[in-house]
> 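The structure under discussion is supplied below as C-alpha cells; questions concerning it will follow.
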Amino acid sequence: MNYNFWFVVGSQFLYGDEVLETVDKRAREMAEKLSEKLPYPLIYKVTAKTNKEIADTIKEANYDDSCIGIITWCHTFSPSKMWINGLSLLQKPYCHLATQYNLGIPGDEIDMDFMNLNQAAHGDREHGFIAARLRMPRKVIAGYWLDEKVHKRLGDWMKVCVGVSVSKNMKVMRFGDNMREVAVTEGDKVETQLKLGWQVNTWAVGDLVKEMDKVTEAEIDALYKVYEENYDINTDNIEAIRYQAREEIAIKKMMDSENCLAFSNTFQDLYGMQQLPGLASQHLMSLGYGYGGEGDWKVAAMTAIMKAMGKNGNGASAFMEDYTYHLVSGSEYSLGAHMLEVCPSLSATKPRIETHHLGIGMNEKDPARLVFDGKEGDAIVVSLIDMGGRMRLVCQDIVCVKPIMEMPNLPVAKVMWRAMPNLLDGVECWITAGGAHHTVLSYDVTAEQMKDFAKIMDIEFVHITKDTTVDSLEKELFLNDLARKLK
Ligand code: MN
C-alpha cells in the first residue's frame with residue numbers, strides 16, 4: 001500500500017483574495033518540502049474557508065484507503081464552527097501541526113498586513129479548542145515546520161498511523177486454540193474487532209498438514225538457499241531444516257491466500273506435524289508477519305502491527321517472553337526468550353540454525369531453530385490484555401544489554417535487559433498492571449508511539465518508566481478504571 005497523508009489548511013474569506021492566494025501557495029510549498037523530509041508523502045488538499053469544503057475533504061479522506069491520516073494547520077484565523085461537521089465525521093488519525101510559515105518576527109517589516117497573513121499563534125488556538133470540545137483523539141505537534149525535531153515527531157506519528165491502518169486491516173490465522181487453562185492469552189474477539197479491527201479466526205492444523213504435503217522439493221530447495229544466505233548452519237541435521245522450510249512455505253501460502261498478516265499455533269496441537277515450527281516462525285517474522293506462541297493471537301497481531309510501525313515498514317520488533325531473572329543485588333536483569341520463536345530482527349550477530357531436542361509439546365523430531373543473542377540498546381516491551389469490557393496496553397521501558405554470562409546449554413534466541421525503574425519495582429509494576437508473560441519487544445517503536453496508537457484506538461495505556469512507582473501506578477490504574485466505567 002502506498003500510504004499518504006493529507007494537509008488541510010484553515011483560513012477564511014475575511015482577508016481577501018490576495019491573502020488566500022498566498023496561503024494556498026505557501027501550503028503547497030510546505031507540503032512539498034515536508035514530503036522530502038517525512039517517511040510518507042504529505043499531500044496538500046485545500047485551504048479551507050467553508051463548512052462544506054472541510055466536510056467534503058474529510059468525507060473524501062475517510063473513503064480513500066491510501067490516506068491514513070490528516071494533518072491540519074491554520075495559517076490565518078479559521079473560525080472553528082465551520083470545522084464541526086467535518087471533524088465529527090473524521091475516521092482517520094488526526095494531527096494538529098501548530099507551526100507558522102516564518103521562523104522569526106521581522107521587526108522592521110512587520111505591519112498589520114503581516115499580522116493578518118501570519119496569525120497561526122491565535123488561529124491554531126481556535127482550531128485546538130474545537131478538537132478539545134469535540135473530545136477528539138489527536139496529536140498536537142508544535143514547532144517550526146523546517147525544524148528537524150518537528151520532522152522526527154511528525155514522522156513518528158505517521159508510523160503510528162501505519163500501525164493503525166495495519167490494525168484496522170489485520171487478519172490473524174489461528175492454528176489450534178490457545179494453550180489449555182491459560183488466562184492471559186484469552187480475550188473477547190468481538191470486542192477486539194470492534195475496537196482494533198482485527199479479524200481473528202481459526203484454521204485446522206490438519207489443513208496445514210495437507211498444505212505441507214503439497215510443498216515440492218524445488219520450493220524447499222529455494223527457501224533453503226535463503227536460509228543459507230542469511231544464517232550460519234550449525235547442524236548436520238539438514239532434514240530438520242528442510243522440514244521447517246516445508247512448514248514455512250505451507251503456513252505462508254495459507255496466510256497469503258487469506259490476506260492474514262499474523263498467526264498463532266500451540267505446541268499442544270501439532271497433530272500430523274513432526275516439529276513445532278521454530279525456524280519457520282522465526283523466518284516468517286523476519287518477513288514482517290506477526291506470531292504468537294501458545295495460541296496468543298493478541299501478541300501475534302501486535303507483533304505484526306509494531307513491525308509495520310518500525311524502520312522501513314518492518315522494524316526490530318519481536319514476540320518475546322519473560323523467562324527468568326538474575327536477582328544478584330546490583331546486577332539485576334531479566335532474561336527473555338521463547339522455546340523457539342523469537343524474530344532474528346533482534347539479533348546482535350548472524351543467527352545460527354541449530355537442532356535440539358524440545359521436551360515440551362508433541363515434537364516427534366528435534367526442531368530446527370535460530371539461535372542468537374539480542375542487541376544492546378533502549379527498547380520497550382508491550383503487552384495487550386483484555387480487562388473485561390476494555391483492552392489495556394501495558395508498555396515498559398527497558399535497556400537491553402549484552403548477556404552478562406555465557407549460556408552454552410541454552411540453545412534458543414535470547415535477550416537480556418534491565419527493566420525500568422529497576423528490576424524489582426519494574427516487576428511489581430508489571431504484575432500490578434496485569435501485563436502478560438508474552439510481549440512484543442521493540443528497539444524501533446517508542447513508548448510515545450504506543451501511547452498515540454492507544455489514544456487513536458481508544459484503549460487504555462499504561463506506561464512504566466524510570467519515574468514510575470508502585471504507588472503512583474496503583475493510583476493511575478484506579479483512576480483509569482473509574483474513568484472507563486464512567487464512559
Ligand atoms: Mn510462551
Side-chain angles (χ1 to χ4, degrees), residues 172-187 200 202 205 244 247 251 262-270 273 275-286 289-307 317-325 333-346 356-363 366-374 379-386 393-396 398 400 407 410-417 419 427 430-431 433-442:
V172 183
M173 184 168 274
R174 304 178 72 214
F175 294 110
D177 203 343
N178 59 330
M179 183 181 167
R180 285 189 284 273
E181 307 290 357
V182 177
V184 79
T185 53
E186 292 285 359
V200 183
T202 190
V205 177
Q244 291 282 334
E247 290 179 328
I251 295 169
F263 73 108
S264 65
N265 60 9
T266 168
F267 64 87
Q268 285 177 330
D269 187 358
L270 297 177
M273 298 168 79
Q275 300 177 23
L276 177 64
L279 171 60
S281 298
Q282 291 173 296
H283 189 249
L284 282 166
M285 275 187 275
S286 78
Y289 295 95
Y291 171 78
E294 291 93 64
D296 192 340
W297 49 270
K298 294 199 296 297
V299 82
M302 284 310 300
T303 303
I305 290 166
M306 289 175 66
K307 282 176 103 32
S317 300
F319 169 54
M320 183 53 67
E321 179 168 88
D322 290 76
Y323 244 101
T324 194
Y325 302 129
Y333 294 98
S334 289
L335 183 68
H338 206 259
M339 287 190 289
L340 304 173
E341 315 90 339
V342 176
C343 178
S345 63
L346 306 192
H356 298 274
H357 176 67
L358 180 64
I360 290 178
M362 310 188 304
N363 295 281
D366 295 353
R369 80 288 304 270
L370 292 171
V371 180
F372 58 84
D373 287 343
I380 54 171
V381 281
V382 171
S383 167
L384 180 72
I385 56 172
D386 187 330
L393 195 65
V394 187
C395 175
Q396 184 167 38
I398 63 171
C400 299
M407 292 169 257
L410 185 66
V412 293
K414 56 188 181 295
V415 184
M416 188 171 260
W417 68 80
V427 168
W430 188 269
I431 288 175
H437 55 283
H438 284 168
T439 59
V440 185
L441 186 153
S442 181

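Whatever order the structure lists them in is the order used to number ligands and atoms, beginning at 1. We number each residue from 1, following the sequence as shown.
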> Under 4.5 Å between any side-chain heavy atoms of P411 and R369, yes or no?
yes
> With heavy-atom distances below 4.5 Å as the criterion, would you say the side chains of N265 and V205 are in contact?
no
> Do the non-hydrogen side-chain atoms of T185 and M179 ever get within less than 4.5 Å of each other?
no
> No waters, cut-off 2.8 Å: how many protein N, O or S atoms are close to the Mn ion (ligand 1)?
4
> Whether the E294 and H438 side chains hold a donor-acceptor pair (N or O, under 3.5 Å, no angle test) is what I'd like checked.
yes
> Report yes if the side chains of Y289 and I251 come closer than 4.5 Å at any heavy-atom pair, otherwise no.
no
> If I compare all heavy atoms of T439 with all of S383, which pair ends up nearest, and what's the gap?
CG2-CB, 4.3 Å
